[in-house]
Trainee: 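Okay, here's the structure, questions in a sec.
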Amino acid sequence: MAKDLDKQYDPKNVEDRIYKFWLDGNFFHAKCDPEKDPYTIVIPPPNITGQLHMGHALDNTLQDILIRWRRMQGFDTLWLPGTDHASIATEAKIVEAMRKEGITKEDLGREGFLKRAWEWKEKFGGRIIEQLKKMGSSCDWERERFTLDEGCSKAVKEVFVNLYNKGLIYRGERIVNWCPHCLTSISDAEVEYEDQAGHFWHLRYPFKDGSGYLELATTRPETMLGDTAVAVHPDDERYKDIVGKTLILPITHREIPVIADTYVEMDFGTGCVKITPAHDPNDFEVGLRHNLPVIDTFTDDAHIRPEWGKYAGMDRYEARKAIVEDLEKEGAIVKIEDYSHNVGVCYRCHSSIEPKVSKQWFVKMEPLAKPAIECVKDGRVKFVPERFDKTYFHWMENIKDWCISRQLWWGHRIPAWYCDECGEIVVSKDTPDTCPKCGCKHLTQDPDTLDTWFSSALWPFSTLGWPEKTPELQHYFPTSTLVTGYDIIFFWVARMIFSACENMNDIPFSTVFIHGIVRDAQGRKMSKSLGNGIDPLIVIDQYGADALRFTLATGNSPGNDMRFSDEKVGASRNFANKLWNAARFILMNLGEDEKAPHIPEDLALEDKWILSLFNKLSKEVTDNLEKFELGIAVSKLYDFIWDVFCDWYIEISKIRLNSDDEKAKQTARDMLVYIMSNTLKLLHPFMPFITEEIWQTLPHDGESIMISKWPEYDEKHDFSVEEQEMDRIMEAVRAIRNRRAEMNVPPSRKAKYYIATSYKDTFEKAGIFMQRLASCSEAEVGDSFELEDAVCIVTTDAKIYIPMGDLVDFEAEIARLNKEKEKVLKDLEFVEKKLNNANFVAKAPAAVVEGQKEAAQKYRDKIAMIDESLAKLNK
RNA sequence: GAGGGCGUAGCUCAGUUGGUAGAGUACUUGCUUGACGUGCAAGGUGUCACGGGUUCGAGUCCCUUCGUCCUCACCA
């Protein structure tokens, strides 16, 4: 930053250079210093397939604010970065690319495919990391991890084997959510539900004995091929006598029984349900209870299996049409209604989920959920805002077993082997060479991989070296804060908590700081299909990373969604520019060899005032950050910098800077540097680039603002007397400006002010301020003045007379005074009502009552002054 | 069906332990004041969704209603 700065701040000249400076200085690196208290955040690892979007931008801004602040406070901070291998998403992407080349997975084989996947990862996996750097993220890049790297893989195997040995991981044939597009099972959490318009087909199945029909309804007639029973409620009087009878399934003409099961709701429809164990989770359960056969009619990609004659090879929707037609022909359709129902879809590709019976691996959740619930209940893990613990409890308390096997190649391969001879299952961290049961050497590893979330669940400790007892694990675990969106509490947060409880016998982090999602200016979710996504990189290019970060931090309260708009970033950019120009002003007034920031001797009134306000500010901002009120903290900084420092202090400082008093000039310069430099520190976590750039240019101590000491509250800097004095003066200045504006007197028209007050000392000092700030030519202070044809401006502590007789419209002035009096009378009435209330005086705290009494007196004084002015004008 | 969020100035939102409502933006007016027009000064708009309760005092705590959004569960 040269001393002759541009009028406008240009982030493009600054950001990349500053980021490189930080990297070169190694300031992001966590030293693992046991002497210091640790503060640790592990990044929610973005998918290697991902591109930076607003969600990342928000999440990383919040993390960087916390990390930079704690670093300046002197903690040994570690922000551990990394990426997620994102099994389904990545595999789908690579398969799609291969499809365009005309190759399939099978063509390449497992090894060839994985080689290709790793190549893809090397090429594109780092892209999002580079984008995070553009945001200014101060991650310890030397410790970057990947969920599929060697260490994480080791942790995954360790956990899998441990859980298996404890009986908490098992393999079983269950009905799972199957995505016919991704060709893999997915967990319950990965199924989304959407309302879809459909139909309700009312069918009738004939009794074998010819005694009529049973009527039932279905939304999926194509599954009827696999029906193995019809169920009624055991208490249903209507069907009491038919339980146990046999029906003839239309089309197939297979015989199926009528069974009784409490799963059926008597009041819904006809009270009869067709049972298709292979294609519905509830039916599957019913089937287990009644020993019903499971007839799977679909292939993995949801086409009718070859053995089904004319339907073979049809996809599920074609099959539906064909089967409905045939049912119709058989007279099995009673009626068709329109019906809207919830359909489960894959959260990755949005294909309709096909429930499917298959052999999968599961984590037994109930025993794991218990301690995970406990540690939130007893406060060891806190959600911010608190209300999200309800969401968490609800989910944890109703949790079902977690299906963790995926029919994919890109991921952690399940460390289980099956003996080709005797079928023994061997679960082991290392590849076994002989079967422990039969001793043969023919073992085949399970072809499946694990759910991506299985490895990210271990992220807070796997990245610190677990299962090894590394110094990092010792020092940084449990981590401090986890920052993430409410949309991934189930996927990730909950699973990290129970994983840490189980494997570390400890919590993974003490606070979960939850944020909402970033919506577009109209409040819609940003999405690819709507095309309303705003690219953070484009915003950075147009407005700068600091402006983007400031926008995301401002007006955002924990757990709530926010809207993003160009106007907001524009306002943030303007703020950066304001700061820039304040710095520019200070710099152009500095001498050649200014000392590092310090508080000079002989402080003037305004110096003590700004020092006092800054002191309070540093306390408040720190308090807000402690409570994760980042939005409040940043708006206080905004107000202080713009409304206090720039609009008042800098303006007032010009008095001394333009004077001939060298000593006073130096004091003003020192104070400007001191306040600016320290305010930059408070702002640094929010706007790291511009604060560093300015801080470096001003006189400074130390290498970088990001490792400078966070300002702390110091009671020696409390100057409440000077604050009051300045308040009196500022009120007077504002009142004068207001009146002059009302009377349309241009600022260039200076006038002499006569100030009648009992605070003569204060207003003696104020005279010179008024010259600068309120178009005053000369000020005279006294107890009272008797002036003809003067405008009188009444403030709480002063009456200011301005002899502008012929400029003033007397009638208007009288009207204005009357209006003002009315308002003050109303205020007085309000306060007096309280004071006349015996209850208030008796029960409210003494300080509050005293405050109200003082206010009442001030109002009375003001009314007296207005009356006096009126009397003069009316004369 | 269960749980939760939100409803404050035209718009977008703050409002940190209850003490006479704030910002940004938009709008009006004045300012070519040597940091900044991405600026300065001045200005107006609110029965804080509705009704009730607790309290000396409620935007803030509790309850009802209405509107709106979300999450989870789900009836075939």
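These numbers come from the heavy atoms of this one structure, side chains and all, not from hydrogens, waters or symmetry mates.
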Trainee: Using 4.0 Å as the upper bound for N to carboxylate O, is an ion pair formed by A/R220 and A/E354?
Mentor: yes
Trainee: Exactly one of A/R524, A/R519, A/K525 should register a salt bridge (Lys or Arg N to Asp or Glu O under 4.0 Å) with A/D561. Which one does?
Mentor: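 Of the listed residues A/R524, A/R519, A/K525, the salt bridge (Lys or Arg N to Asp or Glu O under 4.0 Å) partner of A/D561 is A/R519.
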Trainee: Under 4.0 Å, heavy atom to any atom of RNA chain B: which of residues 570-579 of chain A qualify?
Mentor: A/A571, A/R573, A/N574, A/N577, A/K578
Trainee: Dot-bracket, 5' to 3', for RNA chain B please: Watson-Crick or G-U pairs under 3.5 Å, [ ] where pairs cross earlier ones, | where the partner sits on another strand, dots elsewhere.
Mentor: (((((((..((((.....[..)))).(((((.......))))).....(.(((..]....))).))))))))....
Trainee: Given atom CG of A/D487 and atom P of B/rC72, what is their separation to the nearest angstrom?
Mentor: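 Roughly 10 Å, once rounded to whole Å.
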Trainee: Can the ring centres of A/F388 and A/F383 be said to be less than 6.0 Å apart?
Mentor: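 No; A/F383 has its ring centre 6.0 Å or more from that of A/F388.
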Trainee: So does A/D235 get a backbone contact from the side chain of A/H233, meaning a donor-acceptor N/O pair under 3.5 Å?
Mentor: yes
Trainee: Does A/K12 pair with A/D541 as a salt bridge, N-O distance under 4.0 Å?
Mentor: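 Here A/K12 pairs with A/D541 in a salt bridge, since their nearest N and O are under 4.0 Å apart.
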Trainee: Between A/E651 (CD) and B/rG39 (P), how many Å, whole number?
Mentor: 14 Å
Trainee: Going by an N to O cut-off under 4.0 Å, is there a salt bridge joining A/K636 and A/E629?
Mentor: no
Trainee: Whole Å only: how far is the CG atom of A/L216 from the C1' atom of B/rC75?
Mentor: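 The answer, rounded to whole Å, is 14 Å.
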Trainee: Rounded to the nearest angstrom, tell me the gap between atom CD1 in A/I517 and atom P in B/rC70.
Mentor: 9 Å
Trainee: How close or far is atom P of B/rG1 from atom NE2 of A/H394, stated in whole angstroms?
Mentor: 15 Å
Trainee: Under 4.0 Å between a side-chain nitrogen and a carboxylate oxygen: does that hold for A/K627 and A/D623?
Mentor: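 No, no charged N to carboxylate O under 4.0 Å.
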Trainee: Compare all side-chain heavy atoms of A/L203 with those of A/E215 and state whether any distance is below 4.5 angstrom.
Mentor: no
Trainee: Walk along nucleotides 12-20 of chain B from 5' to 3' and tag each nucleotide B, S or - by protein heavy-atom contact under 4.0 Å, base first, then sugar-phosphate.
Mentor: SSSSB--BB
Trainee: Rounded off to whole Å, could you give me the OH-to-C1' distance for the A/Y486 and B/rC70 pair?
Mentor: 7 Å
Trainee: Among all residues two or more places apart in sequence or in another chain, which pass the side chain to side chain contact (heavy atoms under 4.5 Å, CB included) test with A/P11?
Mentor: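 Testing A/P11 for side chain to side chain contact (heavy atoms under 4.5 Å, CB included), a comparison that skips the adjacent residues, returns A/Y9, A/E15.
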Trainee: Is the Lys NZ or Arg CZ of A/R320 less than 6.0 Å from the centre of A/W201's six-membered ring, within 45° of the axis?
Mentor: no
Trainee: On RNA chain B, compare the nucleotides closest to A/H341 and A/Q8; which residue's is nearer the 5' end?
Mentor: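 Mapping each residue to its closest nucleotide by heavy atoms, the 5'-most match is A/Q8.
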Trainee: What nucleic acid atoms does A/I650 come within less than 4.0 Å of, heavy atoms only: base, sugar-phosphate, or nothing?
Mentor: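 The answer is base, as A/I650 lies within the cut-off (heavy atoms under 4.0 Å) of a base atom.
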Trainee: Under a 4.0 Å heavy-atom cut-off, which of residues 263-272 of chain A touch RNA chain B?
Mentor: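 A/Y263, A/V264, A/E265, A/F268 - these, ordered by number, are the residues of the stretch whose heavy atoms sit under 4.0 Å from the strand.
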Trainee: Can you check each nucleotide of nucleotides 42-49 of chain B against protein heavy atoms at under 4.0 Å and return B for base, S for sugar-phosphate only, - for none, in 5' to 3' order?
Mentor: SS------
Trainee: How would you label the contact of A/Y638 with the nucleic acid (heavy atoms, under 4.0 Å): base, sugar-phosphate, or nothing?
Mentor: sugar-phosphate
Trainee: Could you give the CZ-to-P distance, from A/F393 to B/rC72, as a whole number of Å?
Mentor: 18 Å
Trainee: For A/F490, which contact category applies under a 4.0 Å heavy-atom criterion: base, sugar-phosphate, or nothing?
Mentor: sugar-phosphate
Trainee: Is A/E397 paired with A/K377 through a side-chain N to carboxylate O contact shorter than 4.0 Å?
Mentor: yes
Trainee: Just N and O in the side chain of A/W642: are any of them under 4.0 Å from OP1 or OP2 of B/rC40?
Mentor: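 So the side-chain polar atoms of A/W642 do come within 4.0 Å of the phosphate oxygens OP1 or OP2 of B/rC40, strictly under.
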Trainee: I'd like to check A/V733 versus A/M730 (side-chain heavy atoms, cut-off strictly below 4.5 Å). Are they in contact?
Mentor: no
Trainee: Can you say whether the rings of A/F200 and A/H202 are parallel (under 30°), tilted (30 to 60°) or perpendicular (over 60°)?
Mentor: perpendicular
Trainee: Under 4.0 Å between a Lys/Arg side-chain N and an Asp/Glu carboxylate O for A/D520 and A/R563?
Mentor: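 Salt bridge: no.
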Trainee: Check every strand shown and say whether A/Y339 touches a base, only sugar-phosphate, or nothing at a heavy-atom separation below 4.0 Å.
Mentor: sugar-phosphate
Trainee: Taking the same atom, C1', in B/rU29 and in B/rG44, what whole-Å distance lies between them?
Mentor: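 Between the two C1' atoms, the distance is 11 Å.
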Trainee: In terms of the angle between their ring planes, are A/F628 and A/F513 parallel, tilted or perpendicular, with boundaries placed at 30° and 60°?
Mentor: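 Ring orientation, 0 to 90° scale: tilted.
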Trainee: Rounded off to whole Å, could you give me the CG-to-P distance for the A/D566 and B/rA26 pair?
Mentor: 13 Å
Trainee: If each of A/T218 and A/K525 is mapped to the nucleotide of RNA chain B with the nearest heavy atom, which maps nearer the 5' terminus, i.e. the 5' end?
Mentor: A/K525
Trainee: Roughly how far apart, to the nearest Å, are B/rA49 and B/rG37 at atom P?
Mentor: 40 Å
Trainee: Nearest to the side chain of A/D647 - B/rC40, B/rC72, B/rG4?
Mentor: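 That would be B/rC40.
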Trainee: Is the phosphate of B/rC36 approached by A/K7 (side-chain N or O, under 4.0 Å from OP1 or OP2)?
Mentor: yes
